[in-house]
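Data block below; observations after.
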Amino acid sequence: MKSLEPELPQVSLSLLGHGIDLDATLTSGQTFSWKRNADGRWRGWIDGRPCLVWTQGDALRAVGPSLTHAAVTRYFGLDVPMREVFASFPSDPWLDRARAFAPGLRILRQEPWETLCNFISSSLKQIVQIQQINHDLRHAFGRQIGEELYSFPDAARLALAPESQLRACRLGFRAKHLFTAARQIASGEVLLERVATLPTVEAREELMRIRGVGAKVANCILLFAYGRIEAFPIDVWVERVLRRLYFNDRPSVTTERMRIFADRHFGPYRGYAQQFLFHWIRKDPKALPEGRKVPVKKASAARVRATSG
DNA sequence: ACCCAGGACTGAT
DNA sequence: ATCAGTCATGGG
């Protein structure tokens with residue numbers, strides 16, 4: 001079926017990349033719909049529009065329909081003063097090592113709705129599986145706007161989807177969470193646009209009213225969609241690296257204790273510290289050389305509201 | 001077969 | 001408020 005989209009003008013942009021590393025940024029577990037071409041260029045979506053991006057020297061180049069300089073800058077966080085972020089970091093040899101591993105890693109500002117769906121889908125899933133779920137949702141419920149190009153379905157569309165059809169997208173027990181979340185958004189029970197206007201603590205509370213959204217998923221949405229780089233999501237990897245490097249592998253240290261430590265230790269831009277650490281321990285085989293894998297204490301089910309981050 | 005995955009929800013204390 | 005069990009599915 002051919003596209004019913006009006007022909008949008010193709011735009012070709014070149015902007016200062018400020019040292020962005022697309023490979024690190026787009027494979028660091030914050031986005032799940034970009035694909036790497038054989039030539040190293042990346043195909044994906046910015047604000048719901050398909051595009052192709054790559055780096056050329058110090059330039060970031062982007063091609064796609066109706067792209068704007070402002071949209072690309074915002075999406076890739078090129079307006080974030082990384083100098084200031086780095087200057088705010090504590091003197092910490094572990095964080096230094098994580099930074100040095102991928103200094104061009106950047107935190108994206110993605111669409112809240114798709115980010116919400118991705119991280120509802122993420123619980124107890126590996127990153128490659130989240131990518132597959134995103135792909136399946138697009139093909140099952142999105143609009144085809146080109147060859148092998150499917151938009152991400154909006155909340156109203158998913159709110160009409162039979163749960164059996166959602167389960168076919170490998171969502172498992174997350175299917176009912178996603179379905180309920182879609183109805184909450186489509187009905188206006190939770191307004192994702194309003195979340196953007198709230199202070200981070202209140203924004204997190206609002207997001208946690210959504211089915212399937214606990215503290216960790218809410219922090220991922222705040223960090224990867226709303227640009228709240230004070231958010232500090234603690235998943236099994238971050239919990240593992242914090243426990244090993246800062247708590248001597250003590251199994252009694254709770255996730256909440258680590259959150260308090262992280263809020264104080266990593267400073268106002270701790271979301272970036274978190275992302276450097278996460279990417280480093282997952283991708284660098286030499287990270288945590290002496291680190292035996294300690295079993296991770298399960299996080300408490302309580303929805304913590306007392307602290308920020 | 002076994003363990004793990006960018007966890008959240010439910011029900012029992 | 002905290003804790004253990006449960007929830008599906010695919011990778012290694």
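Numbers restart at 1 for each chain; the letters A, B, ... are given by sequence-line order, proteins then strands.
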How far apart are the C-alpha atoms of A/Ser33 and A/Gln131, what are their side-chain angles, what is the distance that settles it, and do they pass the side-chain hydrogen bond (donor to acceptor under 3.5 Å, both in side chains) test?
CA-CA 6 Å; A/Ser33 52; A/Gln131 293 171 341; over 6 Å; no

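For A/Leu124, taking side-chain heavy atoms from C-beta onward, the closest of the listed nucleotides B/dC9, B/dG6, B/dA5 is B/dA5. Taking the side chain of A/Arg170 as heavy atoms from C-beta on, and the options C/dG10, B/dG7, B/dT10, the nearest nucleotide is C/dG10. Counting only heavy atoms from C-beta on, A/Arg211 has its side chain closest to B/dC9 among B/dC9, B/dA5, C/dT9.
One can place CH2 of A/Trp280 at 18 Å from C1' of B/dG6, the figure rounded to the nearest angstrom. Rounded to an integer number of Å, the gap from A/Ile120 CD1 to B/dG7 C1' is 12 Å. In this entry the distance linking NE2 of A/His279 with C1' of B/dG6 reads 14 Å, nearest Å. In this structure, A/Phe119 atom CZ and B/dA8 atom P are separated by 11 Å, rounded to whole Å. With rounding to whole Å, A/Arg174 atom CZ is found 17 Å from C/dT6 atom P. Residue A/Gln126 contributes atom CD, which lies 12 Å from atom P of C/dG10 at whole-angstrom precision. Straight-line distance from the CZ atom of A/Phe173 to the C1' atom of B/dT10: 13 Å, rounded to whole Å. Between the CG atom of A/Asn118 and the P atom of B/dG7 there is a distance of 13 Å, given to the nearest Å.
Between A/Glu206 and A/Arg194 there is a salt bridge, since a side-chain N of the basic residue sits under 4.0 Å from a carboxylate O of the acidic one. Looking at A/Asp235 and A/Lys216, no side-chain N of the basic residue comes within less than 4.0 Å of a carboxylate O on the acidic one, giving no salt bridge.
Between C/dG5 and B/dG6, the two P atoms lie 24 Å apart (nearest whole Å). For the P atoms, the distance from B/dG11 to C/dA8 is 15 Å, rounded to whole Å. Distance noted for atom P between C/dT6 and B/dC3: 16 Å (whole Å).
A donor N or O paired with an acceptor N or O is found under 3.5 Å between the base of B/dG6 and the side-chain atoms of A/Gln275. Interface remark: the A/Gln274 side chain does form a donor-acceptor pair with the B/dG6 base, using a distance-only criterion of under 3.5 Å.
Contacts of A/Ser28 with the nucleic acid, taken as non-hydrogen atoms under 4.0 Å apart, include base atoms. Using a 4.0 Å heavy-atom criterion, one finds that A/Phe224 contacts the bases of the nucleic acid, with or without backbone contacts as well.
With sequence neighbours excluded, no residue forms a ring-ring contact (aromatic ring centres under 6.0 Å, His included) with A/Phe173. Applying the side chain to side chain donor-acceptor pair (under 3.5 Å) rule to A/Asn134 yields the partners A/Glu114, A/Asn118, A/Arg138; only residues at least two apart in sequence or on another chain are considered.
Projected onto DNA chain C by closest heavy-atom contact, A/Val128 and A/Ser123 fall at different nucleotides, the more 5' of which corresponds to A/Ser123.
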